[in-house]
K.L.:
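Below you'll find the structure I mean.
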Number of protein chains: 2
Amino acid sequence: MSKTENNQSNVTNDGDFSVIFAALGDSTRLALFDRLSDGKPRSISVLSDDADMTRQAVTKHLRVLEAAGLVQNHRMGRESHYAFCPDQLKQARAYLDQVAGRWDSALMRLKTFVEGDDG
Amino acid sequence: MSKTENNQSNVTNDGDFSVIFAALGDSTRLALFDRLSDGKPRSISVLSDDADMTRQAVTKHLRVLEAAGLVQNHRMGRESHYAFCPDQLKQARAYLDQVAGRWDSALMRLKTFVEGDDG
DNA sequence: ACATAACGCAACCTCCTGGTTGCATTTAAG
DNA sequence: CTTAAATGCAACCAGGAGGTTGCGTTATGT
């Protein structure tokens, strides 16, 4: 990815975003994230109750989400509560908007080119 | 994920979205997708030239993107061109918007509750 | 005080993923 | 026609991801 091409991708670091997407790229984790989006923090046990896997597996998934900054963890007494964290979500949305915008303007350029060529 | 809770996630199938996010959840693939977002289709060789891996590896990544519907493939003579495909991107954006919206309205409810409680 | 609920840690296992190599095939170029 | 480019296919490999089990530790509740 260097100089042979008009590289205007302008993305400071794809890597960061790929971490976010990778965290959401598992159906179990996406379901957990989706469930926490109502704002209510939940303990690991509660989140594990209706999952068809072990508490430990859910714990691992929650830690992946936490490492990606999508979720926050607060220990309350003997239980550890995980809560939705919107920052990285906004980042991901902004990135996808940027990519979509690049595509749209490419379409615009093509359209005006064709129209100018035709008319 | 059943009935013990006010499950309004309203997501028909988390799985589909997780496939999209998983496809974007690799820095190499995200870079490829980002690069194709300018609308210009590119051959595998061109896309492999400035990647620090084998053509076969790039091919595999492109196929993952294609399987997720993020990219389209058209064979042109002896070379196969991959082009950006915006549909699934829009889907992913819409989903993230939905989640963010759920979070925002949860915040709103909390805010009005606190204000009503206080004043 | 004691039982138990909620959790962490670590070992372990299996399978998928990212990547490579070698070779065959199709297509363009000279 | 012959050569080289662009790709496909298949086998293979190492490492990581998802998941389980067992056990220890810390709080809660009674």
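In what follows, every chain begins at residue 1, and chains take the letters A, B, ... in the order their sequences are listed.
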K.L.:
Using OP1 and OP2 only, check whether a side-chain N or O of B/Arg29 sits under 4.0 Å from C/dG18.
P.N.:
yes
K.L.:
Which nucleotide sits closest to the side chain of B/Ile44: D/dT7, C/dC7, D/dA11?
P.N.:
D/dT7
K.L.:
Tell me the closest heavy-atom pair linking A/Arg78 and A/Arg75, and the distance in Å.
P.N.:
O-NH2, 3.5 Å
K.L.:
Take A/Asp52 and A/Arg78, find for each the nucleotide of DNA chain D with the closest heavy atom, and name the residue whose nucleotide sits nearer the 5' end.
P.N.:
A/Asp52
K.L.:
Do A/Phe33 and A/Thr28 make a side-chain contact, defined as non-hydrogen atoms from C-beta onward lying under 4.5 Å apart?
P.N.:
no
K.L.:
Look at A/Ser45 and C/dA5 and indicate whether a side-chain polar atom (N or O) is within less than 4.0 Å of OP1 or OP2.
P.N.:
no
K.L.:
Using whole Å, what does the distance between atom P of nucleotide C/dG8 and atom CD of A/Glu79 come to?
P.N.:
11 Å
K.L.:
Between B/His81 and D/dA6, is there a side-chain N or O to OP1/OP2 distance below 4.0 Å?
P.N.:
no
K.L.:
Establish whether the base of C/dG8 is bridged to the side chain of A/Arg55 by a donor-acceptor pair shorter than 3.5 Å.
P.N.:
yes
K.L.:
Do B/His74 and B/Gln72 come within less than 4.5 Å of each other through their side chains, counting heavy atoms only?
P.N.:
yes
K.L.:
Consider the side chain of A/Arg63, meaning its heavy atoms from C-beta on, and name the nucleotide among D/dT7, D/dT20, C/dC9 that approaches it most closely.
P.N.:
C/dC9
K.L.:
Is any side-chain N or O of A/Gln56 under 3.5 Å from a base N or O of C/dC7, one able to act as donor and the other as acceptor?
P.N.:
no
K.L.:
Could you tell me the separation between the CG atom of A/Leu62 and the P atom of D/dA17, rounded to a whole number of Å?
P.N.:
16 Å
K.L.:
Measuring from the side chain of A/Thr59 (C-beta onward, heavy atoms only), which nucleotide among C/dG8, C/dG18, D/dA6 has the closest atom?
P.N.:
C/dG8
K.L.:
Nearest whole Å is fine: how far is C/dC7 C1' from A/His74 NE2?
P.N.:
17 Å
K.L.:
When all nucleic acid strands are considered with a 4.0 Å heavy-atom cut-off, which category describes A/Thr54: base, sugar-phosphate, or nothing?
P.N.:
base
K.L.:
Could you tell me how far apart B/Leu30 (CG) and C/dG18 (C1') are, to the nearest whole angstrom?
P.N.:
16 Å
K.L.:
Side chains of A/Ser18 and B/Asp26: is there a donor and an acceptor less than 3.5 Å apart?
P.N.:
no
K.L.:
Among D/dG8, C/dG18, C/dT20, which nucleotide has an atom closest to any side-chain atom of B/His61?
P.N.:
C/dG18
K.L.:
Got B/Tyr95 and A/Asp34 here, is their nearest side-chain heavy-atom distance under 4.5 Å?
P.N.:
yes
K.L.:
I need the NZ-P distance between B/Lys60 and C/dT20, as an integer number of Å.
P.N.:
10 Å
K.L.:
For A/Arg75 and D/dA27, give me the distance from atom CZ to atom C1', rounded to whole Å.
P.N.:
9 Å
K.L.:
Whole-Å distance between C/dT17 P and A/Asp26 CG?
P.N.:
11 Å
K.L.:
Check the distance between C/dA5's P and A/Leu47's CG and give it to me in whole angstrom.
P.N.:
19 Å
